[in-house]
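What follows is a single structure, written as structure tokens, with notes after it.
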Amino acid sequence: MRIPLIAGNWKMYKTIAEAVDLVESLISDLGDISGREVLVCPPFTALHAVSSLLQETPIGLGAQDVFYEAQGAYTGAISPLMLRDLGCAYVLVGHSERRQIFGEDDALVNRKLRAALAHGLRPILCVGETKPQRDAGAAEQIVTGQIRAGLAEVGAADLSEVVIAYEPVWAIGTGDTATPEDAQSMHATIRRTLAKIYSQAAADGIRIQYGGSVKPDNVDELMAQPDIDGALVGGASLKAESFLRIVKFR
Ligand code: PGA
């Protein structure tokens, strides 16, 4: 019932020409994909070029961040309206790099998420604990807090448009992935939290991706877990070969 979503987060990598190269390789290999949804999230500067190539293909387009106003005097910001105009269907909000490097807090993440929804973009809400938080036994508390705050004032009707990405910060870009059991356990906790806030039916319908050093050699066991409904892939999404293998998880 939940169609797995495999998304590539290219972060601050790829010139336009490099982005076009990568997406052309993905398109020529993928043909018809069934039983999964595929998404790429290039940097803002490559969205237009990639968007043109993705027309009439099964690969979707997402952005890595968004501001919460539709327009105005906000130097350097990109609005949800502009992302829709580019053909984006999804947008990441609250990625740990945005939280840690750019100082985004839960309140800002929530505003961005609600703005995305208001403009017909599907937000991928990223949550995850740091290593010290996990070592202190606070991982579940941190993650459920991020879920509650990130979804504040989001109604049940809108929840079906939201995707959650659980990305333990210590696993991002480190090659140090969560074990499938630890990931499953947190995903189940997230789903229980959603059931408490909304309903069991709403919680059962929402997709929860795992992110943090997802690679060709660990994707199958992660995707075999009952509450893991996709992957948010950084490093391994930058090369066609590794991303394609992840997309073709078995
Ligand atoms: P990684 O990044 O796959 O390189 O660990 C994941 C992410 O930050 O979304």
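The basis for the numbers below is simple: all heavy atoms, side chains too, and nothing from hydrogens, waters or symmetry mates. Counting convention: from 1, in listed order, for ligands and their atoms alike.
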request  = Using the test side chain to side chain contact (heavy atoms under 4.5 Å, CB included), find all partners of Phe67 that sit at least two apart in sequence or belong to another chain.
outcome  =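 Only Glu69, Tyr74, Ala77 meet the side chain to side chain contact (heavy atoms under 4.5 Å, CB included) criterion with Phe67.
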
key: Asp217: partners by side chain to side chain contact (heavy atoms under 4.5 Å, CB included), with sequence neighbours left out   = Lys215

request  = Evaluate the side-chain proximity of Gln64 to Cys41: yes if any heavy-atom separation is below 4.5 Å, no if none is.
outcome  =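 With C-beta onward as the side chain, the pair touches.
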
query = When you look at CD of Gln71, are more than 12 heavy atoms from neighbouring residues, nucleotides or ligands closer to it than 6.0 Å?
reply =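 Counting neighbours around CD of Gln71, 12 or fewer heavy atoms of other residues, nucleotides or ligands fall under 6.0 Å, so no.
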
task = For Ser242 and Arg245, run side chain to side chain donor-acceptor pair (under 3.5 Å): C-alpha distance rounded to whole Å, both residues' side-chain angles, the deciding distance at 0.1 Å, then the answer.
result = CA-CA 5 Å; Ser242 48; Arg245 172 60 185 87; over 6 Å; no

Side-chain donor-acceptor pairs of residues 230-241 under 3.5 Å, sequence neighbours excluded:
residue	atom	partner	partner atom	Å
Ser237	OG	Val233	O	3.1
Ser237	OG	Gly234	O	2.7

inquiry  = Counting only heavy atoms and a distance below 4.0 Å, can you name the residues contacting ligand 1?
reply    =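 Residues near ligand 1: Asn9, Lys11, His95, Glu167, Ala171, Ile172, Gly173, Gly212, Ser213, Leu232, Val233, Gly234, Gly235.
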
